[in-house]
Amino acid sequence: MEVGDPHVEAAVLWLARTILEVLFAGKMEAWIRQVGLTDDTGRLKSEIERAEAVVAAVKGRAAENRPLARSLGRLKELLYDADDMVDELDYYRLQHQVQGGTIALDNQPQGTDVNGGPQLVDGSRDNSGIPNTKNDRKKRSKAWEEFSITEEDADGKPVKAECIHCHTVVRCETTKGTSVLHNHLKSENCKRKRAAIEQAPLSSSADDGAQNGATVSTHDSDRRKRMRSDEVLVHNTAANTCLCNKAEICSRIQQTTHHLQEAINDFQNLYGTNSVESSNLNQNTAADSSRETSSLVQCKMYGRVDEKNSIIEHMRGAKPDSVIVLPIVGIGGIGKTALAQIIYNETTVKSLFDYRIWIWVSSNFDEVRLTMEMLDFVSEEKCVGISSLARLQEILVTHVTSKRTLLILDDVWGDINACRWNKLLAPLKSDKGNLIIVTTRKLSIAKRMGTVEPIELGRLQNDDFWLLFKTCAIGDNNDKEHPSLTIIGQEIAEKLQGNPLAAETAGMLLREQLTIDHWSNILKNETWKSLQLNGGIMHALKVSYDELPYCLQQCFLYCSIFPKNYQFLSHELVCTWISQGFVKYSHWTKRLEEIGQNYLTDLLNSGFFKQVETKDPTLGDQTFYVMPPLMHDFARLVSGTEYAVIDDLAGRDVLPTIRHLSIITYFAYHEGQHGNILRNERFEEKLRRVVNSTRKLRTLVLVGKYDYFFLQSLQGIFQKAQNLRVLQISEAYTDFGYSVCNLVNCTHVRYLKLRGKEDNEVLSEALSKFYHLQVLDIGLDTYSTVPNGMNNLISLRHLVASKAVHSSISSIGKMTSLQELHDFKVKNCTNFEIAQLQSMSELAQLGVSQLEKVATREQAYGANLTEKLHLEKLHLSWEYNQSQDEYDGDMNSETSFEIVEIGTSKEVLEGFEPHQYLNLLQISGYRSYTFPDWLASTVSVTYLQTLHLEDCRELQVLPSLERLPLLTKLKLRNMQKVRQVTVPPLEELVLIKMPKLERCSCNSVRDLNWSTRILMIEGCGVLKVFPLFDSCAKIIMEQKSWLFGLSELTIHDCPNLIISHTLPPSSSVCRLSIARVSTLPEMKGSTNGKLTIRGHYNRGWDILFRCPDKPTKLDDNFLSIHNLRALTSLHLENCVDLFSPDILPEHAREDMADVKFNVLPSLKHLDIFCCGISGKWLSVMLRHAPALEELDLQLCNQISGLSIEETESSSLNHTTTPRASSASNPEDTLPSSTPEGLLRIPSNLIPSLKKIIIMCCDELTFQGEDGFSGFTSLEKLTIRGCPKLIPSLVHKYENKDQRNGRWLLPHSLVELEISGSPETLQPCFLEVRNCLKKLEIAYSSSLELLQLRSCTALEELMVNGCESLAALEGNFACLKELVLEDNSGLESLQLCTCTTLEGLMIKDCASLSMLEGNFTCLRKLQLQGNPNLKSVQLRLCTALEELLTVDCESLDTLEDFRSLRGLRYLDIFRCPGLSHYLEGLSSQGYEVCAGLERLRTDDYSLLAMSSASTSPPFDA
């Protein structure tokens, strides 16, 4: 406990409430009376109630009083011990309930206690799997039960032991250790101490305790007594056959009560002497006046331009008859107040409002105070003495009625109800368009108060934040004077997560000394995280933290043991909170899971978490919760002495007070070359050092991979941590998956997350003794065999496992706490009969299959579904062996047996009628023609929201959907006989494999259009009529939009379905998939990501518009719709007629291009493959994509020319249209005289365009003087299969002119890939320095001379298929990789400048005879298929590690081969001359293969020279 911790009082009250909830529970009280523990537990209750009352009266005084704080901390520790003890008693109660056993009491007849109660038979698991445990030692002699082992040797044998009575430490390492213990117990000193303890008085009330006036020992003896008594009871729980000793239990309760009594008395004595202290210590930190703000701008604001412009836009667009409330929300220090100050003082804003009012609200939302402060801004008169809100508002109205007012309410905290809020704003509700800006940290306040969407402030952009950080740390103009600090500063800035206040906090510290040492120390120690920095970022976050109730503080701090940016699933996180007891019942009609979800929502709304949406292909779309990095830092900072993390990074020590521990192995363990985990002995030692600090552990979380030795080290923790509530292991290890159950004390465990290594792994039998277990998570993706006693887990609320696991649990009806049973397979045996479900009244989700084994309605009634009031989701399934093909071939010859089955199905379903509040109903395999009354005529499930019918092959009439007023989702799959469906307004409609469905109708097309979010139609081959598609034109005329809210649209295999409108229908479509629909091309993607459109090879197909009753054409819909504004990537393929002149009349082109906005403002990637788009129309399209980064054109033969827009045209409106010149339009840049095939790249793309790929455009040429040098941001250029393009870019002069072959390129270019080069190629740049690092030239049969002198930064060069190339010239000082392949005309290579070359490959260069160069850095040399190569000079190749020579028949010399001292791999195939050369070296005494690790060759004579590993010959 941290001295002065203001939250320790709340912790004590929480513990007291937790214990009392257990003791006062009806079942627990009855059991206590039954076993004869009423008197002792009654006294314990009294002391805990007294503790609760005493601490509740403290009201924050302990925070400033060290002795009082220490006393309170000791009381908290005692209550933790009491909680563990009471929890163990509750475990015995559950064990008694499961086993129906009796209580064995020492010195009493078996079967009864002194009051005639039954025996308590211990039901814990066997700990025999743990070697050298104390339990093994205890079995040797009873004397060991009187001692606590304090020191062990390396083998786990005891060396020293402490007497639990007198605390004397004795040595017991010899073979006579037991004798030493007996002798000590007989000593007078120990006898005297034992007698004193046994005679200690036990008070039964708070008054008795006060009269006793017992003093509190300041030694550690109490802790050791409790520790030893813990071990005694734990031992009794852990041993498989050990019977409970009632005297021992009573003694334990009495000792706990006595210690509590002493601690409370001590606390009362201290509290009485300090009661005169101020009672204001517990004041609300949020109301601290030192945090009061004003409207004055404190400093320059960086970034937030978009947010500022958005707010001003609201001000300009405000309607006079309304009051806009615009919230600004974000975590502490993010810049809410700073943004409001900038807005308040903006010149434009001043001109828009007559009055501007700034009020700091904080948590004190007092309407009178706030109204008086408003009057201070609008009236010079002082309203002294007026306290009536009504009078003050009357005065305010007289001043603001005719004036437009801006009101800023800064730092709003309190949860203000709507009545008080409306009362405050009443004077401002005029017709002047008043605007109120509210800044708050709570999203819930922002959503409740705001009339428009709140502006949520996130981290600053990196560039803006760096400018702010530099200003705070160095000053506006001093950064150039301290260049050495930039690297350190950037590391610090990265840790501050874009938070402006964090930048100010760190900057204040850094400015003290502008030295490397000072900055390095701050980076190392992360000093900006200190809570002692008033006004710092952590202090600001603590204000939010202190506002939380204690239950939310616990939940928040618990998450600090997980890694930064860890993604929590809401259900999983809430369940861990419940398992720790953090979540308490606040309303008896709500489940703990609902309350816990509310906790998470409150933390989210307060900025302690953020939501992250993920699209996992295996798990589907999921919402995760993540702690913002700064919040995670804060949580680690304030998590005190009860939370700790062990990883391979430097961290805090693990204290003995730790209760929640995570071990994170991300950085400690790594995979080896073969996938094995490499051992980390340093980390193992770290684990061993903390074992003795884990005795109080309640949580153990393992995140990451590990090895066998790690598990060995971990066993010590399992032996010490006997009070675990939560154990999470995210990775499995062979022989250590479910077997961990054998190592863990099962008494307290509530949450167990394990992973098996292999499918069908057997769950440990020990699991059946985890009676307190609430959550068992073994993963959804593997099948595991469950133990026979699985149904003993009577506290289990959630089983996260595959359906096969659910269906394999015998007598599952005993597990009455279970909330999800995903598959109960009915069987004709007692343990799996439908009546097993009768008592499972807590079920929220239920799946029942094999219902064909239920014969009658009466049997179905046995499931008692109508009484399962918590049931939300129900799946009922019949299963038949008949295949689809058999069914189709037998449809007209049904047997009498089938008719009987059909009748039975309806009767059985009648008996499964659920309660009316069911949310989701899924029925599969139902075999009747109609549904029973509760779903057909007199519908009882009136709260149903989702109906899913599947494989109901006989069903012809659907349920009466109009009788389901709350229905939002309808899913119909494989309904063979349904011909017509009438649907109400739905959010989700799914129709799949309905071969006879002809018509889908609805009562209100308008409502259905408004409500639909997901629409999926697949395999409806005869469907012709669908209301949303038939009436889209009418909808558009009436509502101006068609399916505007649609997020997912899938239409597959519906050849008769006609869609008479463009797609996608709205800008909100996240998933779009159209395939095999006769009126549409294939479309796949989304409107805010990538969209792919594939047409057909035959003409007449239009990608976006097609109606069979009129000609195929494309009008202005493509560029006038807003639906592609969020599109980032567009791929068009085989759209032959797209924008073709023969289907696009001139007036349509003019109208289409005449727009006043960018249609594709977010488009970054445009890929056009084999389309009929003309150059002119692609030019228009590119004008509407100002953010384009990548342009890929392939097989676009309608584009014949390429140019860059003139520089002067960049000043013109980029939406200029390609219409004929006229007096009214003199500035057209694309007049109608422009050739149809000319593609003009708009000048507004030059800053963004980074990648251009042009392939297989046969007629394309470039038109312009400076080539591609005008693309000043271009980084990658690929030109292949364009025979006219490269020649049009390369300058041609006289043969001997040095300028011949010059190709001007942009200096930004990094990669260049081309084919079809002319005779001479000389890439050059306007600037001396350039960025070209990679050059690939392929299939240029005319290329004779490659001049690369200007390519000074080149690192990779590949020349392939240039059969006429005779010479390669250039300055290759930076070249690292060189590949020359299939260049038959290349005769010699002079590579003297290649001093940095690391890899060289020369292949199929038939004329090459000599290779020479300065290869000082060469590591890998490959020579293949060079028949004329005779000599290779290796004099300077001292770094060469790998040499491969294949099919070099003439090669007979490797000059200076002896200098290759680092050669590791040598491959020689079909090089006879080289083999003779190496044999000659060997005969001269030179060890040819010395140092080789591998030799591969087809000449076995070389193997005799080598001791290296060899490989058999291969076909090179």
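- Judged as a side chain to side chain contact (heavy atoms under 4.5 Å, CB included), and not counting sequence neighbours, the contacts of H1165 are S1129, E1190.
- Between atom CG of residue L1418 and atom OG1 of residue T1395 there is a gap of 11.5 Å, rounded to the nearest 0.5 Å.
- Within the structure, side-chain hydrogen bond (donor to acceptor under 3.5 Å, both in side chains) pairs that include any residue of residues 1351-1371 comprise Q1347-E1369, R1349-E1369 (at least two apart or interchain).
- Between I1173 and L1132 the shortest side-chain heavy-atom distance does not fall below 4.5 Å.
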Item to check | Worked verdict on Q1424 versus D1447 for side-chain contact (heavy atoms from CB on, under 4.5 Å) | outcome: CA-CA 6 Å; Q1424 295 179 248; D1447 292 324; over 6 Å; no

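- Considering only heavy atoms from C-beta on, D1167 stays 4.5 Å or farther from I1253 through its side chain.
- Contacts of V1379 classified as side chain to side chain contact (heavy atoms under 4.5 Å, CB included), with partners at least two apart in sequence or in another chain: M1358, M1401.
- With rounding to the nearest 0.5 Å, the separation of CD1 in I1254 from CG in L1202 is 5.0 Å.
- In terms of heavy-atom proximity, A1353 sits nearest to N1330 at CB-O, 3.6 Å.
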Please tabulate, for the side chains in residues 1308-1320, all donor-acceptor contacts under 3.5 angstrom to protein atoms that are two or more places apart in sequence or on a different chain.
| residue | atom | partner | partner atom | Å |
| --- | --- | --- | --- | --- |
| S1308 | OG | T1272 | O | 3.0 |
| S1308 | OG | L1274 | N | 3.2 |
| S1308 | OG | L1274 | O | 2.6 |
| S1315 | OG | G1281 | N | 3.1 |

Checklist entry - L1188 and L1160: side-chain contact (heavy atoms from CB on, under 4.5 Å), yes or no, with the steps? => result CA-CA 9 Å; L1188 194 69; L1160 304 167; over 6 Å; no

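- The pair E1441-R1419 meets the salt-bridge criterion, since a charged nitrogen lies less than 4.0 angstrom from a carboxylate oxygen.
- Considering only residues two or more places apart in sequence or on other chains, E1455 meets the side chain to side chain donor-acceptor pair (under 3.5 Å) condition with S1431.
- With rounding to the nearest 0.5 angstrom, the CD atom of E1377 is 11.5 Å from the SG atom of C1394.
- When L1444, L1411, L1474 are each tested for a side chain to side chain contact (heavy atoms under 4.5 Å, CB included) with L1423, only one passes: L1411.
- By the side chain to side chain donor-acceptor pair (under 3.5 Å) test, S1350 pairs with no residue at all, sequence neighbours left out.
- The nearest pair of heavy atoms linking S1248 to P1186 is OG-O, 3.3 Å.
- Smallest separation of non-hydrogen atoms from I1246 and G1270: CG2-O, 3.4 Å.
- Taking the ring-ring contact (aromatic ring centres under 6.0 Å, His included) definition, one finds that F1415 meets it with nothing, sequence neighbours left out.
- The side-chain hydrogen bond (donor to acceptor under 3.5 Å, both in side chains) contacts involving residues 1402-1417 comprise nothing, where partners must be two or more places apart or lie in separate chains.
- Within the 3.5 Å criterion, the main-chain N or O of L1127 finds no donor-acceptor partner in the side chain of S1162.
- More than 12 heavy atoms of other shown residues, nucleotides or ligands fall within 6.0 angstrom of atom CD in E1381.
- Closest approach of F1325 to H1307, counting heavy atoms only: CD2-CA, 4.0 Å.
- For N1428, the side chain to side chain contact (heavy atoms under 4.5 Å, CB included) criterion is met by no residue, not counting sequence neighbours.
- Side-chain contact between T471 and Y302 is present, with heavy atoms from C-beta onward closer than 4.5 Å.
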Next on the checklist: Walk me through whether R1494 and D1467 qualify under salt bridge (charged side-chain N to carboxylate O under 4.0 Å, His left out).
Outcome noted: CA-CA 8 Å; R1494 187 194 71 208; D1467 295 3; 3.5 Å; yes

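- Applying the side chain to side chain contact (heavy atoms under 4.5 Å, CB included) rule to C1417 yields no partners; only residues at least two apart in sequence or on another chain are considered.
- Residues I1241 and L1191 meet the side-chain proximity criterion, which asks for heavy atoms closer than 4.5 Å.
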Item to check | Evaluation steps, side-chain contact (heavy atoms from CB on, under 4.5 Å), between L1429 and T1445 | outcome: CA-CA 11 Å; L1429 183 62; T1445 60; over 6 Å; no

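- Between L1239 and L1193, some side-chain heavy-atom pair lies under the 4.5 Å cut-off.
- Residues L1389 and I1402 meet the side-chain proximity criterion, which asks for heavy atoms closer than 4.5 Å.
- No option in L1343, I1286, L1365 other than L1343 meets the side chain to side chain contact (heavy atoms under 4.5 Å, CB included) test with I1337.
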Checklist entry - Given E1205 and L1245, is the side-chain contact (heavy atoms from CB on, under 4.5 Å) satisfied, shown in steps? => result CA-CA 10 Å; E1205 187 178 62; L1245 287 188; over 6 Å; no

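- Residues satisfying the ring-ring contact (aromatic ring centres under 6.0 Å, His included) criterion with F1268, sequence neighbours excluded, are F1262, F1271.
- In this structure, L1304 CG and L1289 CG are separated by 10.0 Å, a value rounded to the nearest 0.5 Å.
- Every ring-ring contact (aromatic ring centres under 6.0 Å, His included) that W466 has, sequence neighbours left out, goes to F469.
- Considering all non-hydrogen atoms of both residues, E1236 and W1177 come closest at OE2-CD1, 3.7 Å.
- In terms of modelled atom types and a separation under 3.5 Å, the side chain of S1273 and the main chain of K1250 share no donor-acceptor contact.
- Between atom OG1 of residue T1261 and atom CG of residue L1238 there is a gap of 8.5 Å, rounded to the nearest 0.5 Å.
- For the residue pair E1259 / S1200, no side-chain donor-acceptor distance below 3.5 Å is found, with atom types taken as modelled.
- Of all the heavy atoms in I492 and W519, the pair that sits closest is CD1-O, 4.0 Å.
- Checking side-chain atoms of N1383 against main-chain N and O of C1405 turns up no donor-acceptor pair under 3.5 Å.
- Remark: H1131 NE2 to I1168 CD1 distance equals 10.0 Å, nearest 0.5 Å.
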